J.: 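Here it is: the structure, laid out below.
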Amino acid sequence: MILDSRRRAMVVMAACFAAPVIAHAQFNYDVPYVPTPPVVVEEMLRLAAVGPDDFVIDLGSGDGRILIAAAKKFGARGVGVDLDPDRISESVANAGAAGVADRVAFLRQDLFKFDIGQATVVTMYLLPSVNLRLRPRLLRELKPGTRLVSHDFDMGDWQPDQKSTVRKNVFLWIVPARVDGRWRTTLALPAGERSYEIEIKQKFQEIDGVARYGKKIADLWNAKLQGDRVSFVMVDDSGPLESNLYCEGRVSGDVIEGVVRRGIGSEQTQINWRATRIAATS
Ligand SMILES: C[S@@+](CC[C@H](N)C(=O)[O-])C[C@H]1O[C@@H](n2cnc3c(N)ncnc32)[C@H](O)[C@@H]1O
């Protein structure tokens with residue numbers, strides 16, 4: 001019988017589970033130790049576009065290989081957490097041998113209790129059920145724009161922003177800002193000022209919505225959310241000729257600030273744009 005790569009990985013993990021439980025029976029491991037192959041480590045870090053300004057947190061860091069590669073190959077800093085004391089000692093030794101001991105730390109902690117808020121990149125090789133248990137915290141506690149990369153296992157109905165397969169599946173998510181709710185904005189259009197109430201519905205990074213002005217309604221076309229960057233297109237029908245309004249901005253709490261470009265090419269004009277949230281979706 002041919003196993004797909006996801007099932008094969010779960011079988012390998014299940015087979016490995018007995019050993020760490022026996023070795024450290026006092027600890028309750030949520031995932032057995034199975035190291036990520038080096039080529040998959042490379043692909044995880046490439047997909048997450050890790051760089052020298054990043055702070056990487058590896059949840060269940062094993063022998064430290066992901067974080068050590070992030071520090072050695074990309075100049076990143078970070079922390080790995082693992083419950084297994086042998087893995088922590090091994091990681092500290094490996095970081096020293098790789099010459100990155102000043103950039104990384106390894107802590108014996110439960111990944112479910114570790115404060116993840118300072119991460120700009122989170123790496124994981126866990127299990128589907130563990131990813132799903134972690135998901136609410138990842139969405140709530142990570143800053144919008146944080147990249148999350150997982151070896152082999154997905155996040156249920158939170159679709160990845162990118163998926164890559166190099167021997168194994170690697171998934172990338174960019175933590176989305178909360179944009180759902182009703183927003184108010186006033187735009188200075190060629191035919192005069194117009195106030196809009198924009199209603200946005202959100203499921204993870206997927207968004208959709210409408211804008212109301214007076215008794216009329218305008219669809220939001222091509223609505224996109226990536227981290228804290230939101231963009232969509234509305235049609236401006238305020239003058240004799242209709243034209244597109246290309247709206248894009250950065251979400252910070254209950255404010256969006258950015259620009260609106262009207263039209264294209266030689267006829268394009270640009271105005272600053274600010275919207276404030278007047279109600280969150282309940
Ligand atoms: C599949 S291994 C991944 C190791 C490493 N990240 C890699 O990709 O090579 C999972 C690791 O998670 C650790 N682990 C399991 N449950 C944990 C928990 N609740 N908190 C911290 N680490 C945990 C295990 O000890 C193991 O080293």
Side-chain angles (χ1 to χ4, degrees), residues 5-48 50 54-74 76 78-95 97-98 100 104-116 119 121-138 141 147-155 164-173:
S5 69
R6 181 187 167 101
R7 281 192 57 211
R8 200 165 49 235
M10 289 182 75
V11 169
V12 171
M13 279 198 164
C16 294
F17 196 66
V21 168
I22 291 163
H24 294 288
Q26 69 271 39
F27 300 114
N28 222 355
Y29 296 115
D30 295 282
V31 188
Y33 175 55
V34 181
T36 296
V39 293
V40 180
V41 172
E42 281 190 9
E43 185 57 8
M44 290 173 81
L45 299 175
R46 187 201 66 80
L47 199 63
V50 172
D54 278 315
F55 192 88
V56 179
I57 293 183
D58 188 14
L59 296 175
S61 48
D63 67 359
R65 60 181 60 201
I66 297 177
L67 188 54
I68 291 168
K72 197 171 167 67
K73 297 183 186 179
F74 297 99
V79 177
V81 293
D82 205 292
L83 274 184
D84 187 335
D86 293 343
R87 298 279 88 81
I88 294 297
S89 315
E90 201 180 350
S91 303
V92 170
N94 290 344
V100 296
V104 299
F106 292 95
L107 306 175
R108 190 172 143 215
Q109 287 203 23
D110 185 346
L111 63 89
F112 284 104
K113 297 185 183 146
F114 187 68
D115 179 0
I116 53 176
V121 174
V122 173
T123 57
M124 312 188 308
Y125 180 25
L126 300 169
L127 282 170
S129 58
V130 176
N131 284 5
L132 282 183
R133 272 170 69 201
L134 268 174
R135 195 174 85 173
R137 279 192 63 211
L138 298 169
E141 295 174 26
R147 290 96 77 206
L148 184 57
V149 66
S150 169
H151 169 186
D152 230 349
F153 300 118
D154 64 20
M155 288 274 180
S164 162
T165 307
V166 177
R167 290 209 184 130
K168 305 285 287 296
N169 288 334
V170 176
F171 301 93
L172 170 77
W173 296 264

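If you're wondering where the values come from, they're calculated on a predicted model, not measured in any experiment. Computed from heavy atoms alone, side chains included, the values below leave out hydrogens, waters and symmetry copies. Whatever order the structure lists them in is the order used to number ligands and atoms, beginning at 1.
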J.: Measuring from atom 12 (O) of ligand 1, which candidate in Pro32, Pro37, Gly60 has the nearest non-hydrogen atom?
T.: Gly60

J.: For Asp54 and Val56, indicate whether the former's side chain and the latter's backbone hold a donor-acceptor pair under 3.5 Å.
T.: no

J.: Distance under 4.0 Å to a non-hydrogen atom of Gln109: what atoms of ligand 1 satisfy this?
T.: 20 (N), 21 (C)

J.: Identify, by atom number and element, the atoms of ligand 1 in contact range of Gly62, meaning under 4.0 Å from any of its heavy atoms.
T.: 4 (C), 5 (C), 27 (O)

J.: Looking only at heavy atoms, is any part of Asp58 under 4.0 Å from ligand 1, and if so is it the side chain, the backbone, or both, or is it neither?
T.: side chain

J.: With sequence neighbours left out, write down each residue that passes salt bridge (charged side-chain N to carboxylate O under 4.0 Å, His left out) with Lys72, or none if nothing qualifies.
T.: none

J.: List for me each residue that meets side-chain contact (heavy atoms from CB on, under 4.5 Å) alongside Leu107, sequence neighbours excluded, and say none if there are none.
T.: Val79, Val81, Gln109, Phe114

J.: Would you tell me which option among Ile88, Asp30, Thr36, Asp86 has the nearest heavy-atom contact to atom 8 (O) of ligand 1?
T.: Thr36

J.: At a 4.0 Å threshold, what atoms of ligand 1 neighbour a non-hydrogen atom of Pro35?
T.: 9 (O)

J.: Got a donor-acceptor contact below 3.5 angstrom from the Arg135 side chain to the Met155 backbone?
T.: yes

J.: Tell me whether Asn94 contacts the main-chain N or O of Ile68 through its side chain, where contact means a donor paired with an acceptor under 3.5 Å.
T.: no

J.: Any idea which atoms of ligand 1 are less than 4.0 Å away from a heavy-atom of Arg65?
T.: 9 (O)

J.: Under a 4.0 Å N-O cut-off, is there an ion pair linking Glu43 with Lys168?
T.: no

J.: Please check whether Phe112 reaches ligand 1 - meaning an N/O of the residue sits under 3.5 Å from an N/O of the ligand, judged on distance alone.
T.: no

J.: Give yes if a backbone or side-chain nitrogen or oxygen of Asp110 is under 3.5 Å from a nitrogen or oxygen of ligand 1, and no if not.
T.: yes

J.: Keeping the roles fixed (side chain from Asp30, backbone from Val130), state whether a donor-acceptor pair exists under 3.5 Å.
T.: no

J.: For Asp82 and Ile88, indicate whether the former's side chain and the latter's backbone hold a donor-acceptor pair under 3.5 Å.
T.: no

J.: So is there a nitrogen or oxygen of Asp82 less than 3.5 Å from a nitrogen or oxygen in ligand 1?
T.: yes

J.: Using a 4.0 Å heavy-atom cut-off, say whether Ile66 meets ligand 1 through its side chain, its backbone, both or neither.
T.: side chain

